[in-house]
Amino acid sequence: MKHIVKIMTLLVAISALWIGLLQTSIIPRSHTWLLPIYFIVSLGCYGLLMVGVGLMQFPTCPQEAILLQQDVAEAKEFLKQKGVDVGGCD
């Protein structure tokens, strides 16, 4: 619930700022109308940046990979004993 309140507060603040800029002549009106588009584009760029940073810092778990390979080998052996053709390369 707290997260939605933060988002709504941010949206109200941005909307109030935008409407205020539309009412005053600080920024030319042609630029003011494009501010929501700039905001959405910059939000998308920020999201892509965060995904890229997350992928670059993604942790590798060599111990877990070994355990997973052992589990797969055990499962293949179990299925072979039951007569199921697993058809994979060993």
Side-chain angles (χ1 to χ4, degrees):
M1 186 66 180
K2 287 182 179 181
H3 193 64
I4 191 72
V5 172
K6 287 181 192 176
I7 292 172
M8 292 304 293
T9 304
L10 183 64
L11 287 177
V12 167
I14 290 172
S15 298
L17 178 68
W18 183 57
I19 291 170
L21 287 173
L22 281 174
Q23 296 298 322
T24 61
S25 296
I26 297 172
I27 299 175
R29 199 167 187 84
S30 60
H31 296 298
T32 308
W33 282 108
L34 294 175
L35 284 177
I37 295 171
Y38 293 150
F39 178 71
I40 291 171
V41 169
S42 61
L43 188 63
C45 291
Y46 173 76
L48 285 175
L49 177 71
M50 289 297 105
V51 168
V53 168
L55 286 174
M56 288 190 304
Q57 295 178 348
F58 190 75
T60 56
C61 306
Q63 298 87 3
E64 296 298 322
I66 292 170
L67 290 175
L68 181 61
Q69 289 173 351
Q70 290 173 351
D71 288 344
V72 169
E74 289 175 15
K76 282 184 179 182
E77 191 60 38
F78 175 77
L79 290 173
K80 283 181 185 176
Q81 290 174 0
K82 296 290 182 182
V84 177
D85 181 26
V86 289
C89 297
D90 290 322

ask   = Side-chain heavy atoms under 4.5 angstrom apart, residues restricted to Ile, Leu, Val, Met, Phe, Trp, Tyr: same cluster for Ile37 and Leu17?
value = yes
query = Should the heavy atoms of other residues, nucleotides or ligands under 6.0 Å from CE of Met8 be counted, would the total exceed 12?
reply = no
query = Does some side-chain heavy atom of Phe78 sit less than 4.5 Å from a side-chain heavy atom of Glu74?
reply = no
key: Leu48-Leu43 co-clustered via ILVMFWY side chain contacts under 4.5 Å   = no
key: In one Ile/Leu/Val/Met/Phe/Trp/Tyr side-chain cluster, 4.5 Å: Val41, Leu34   = yes
remark   = Interatomic distance, CG@Asp71 vs CD1@Ile66, rounded to 0.5 Å, equals 12.0 Å
inquiry  = Within this structure, what is the CD1-OG1 distance for the pair Ile19 and Thr24, rounded to the nearest 0.5 Å?
reply    = 12.0 Å
query = Quick one: CD1 on Ile14 to CG on Leu35, what's the gap to the nearest 0.5 Å?
reply = 10.5 Å
inquiry  = Working to the nearest 0.5 angstrom, can you tell me the gap between Leu67 CG and Cys61 SG?
reply    = 10.5 Å
key: Co-membership, hydrophobic cluster, residues Tyr38 and Leu21, 4.5 Å side-chain   = yes
query = For the atom pair CG (Leu79) and NZ (Lys76), what is the distance rounded to the nearest 0.5 Å?
reply = 10.0 Å
Gap between atom CG of Leu10 and atom OG of Ser15 - 0.5 Å precision = 9.0 Å
message = Please tell me whether Trp18 and Val12 are part of a single hydrophobic cluster in this structure, the criterion being side-chain heavy atoms less than 4.5 Å apart.
response = no
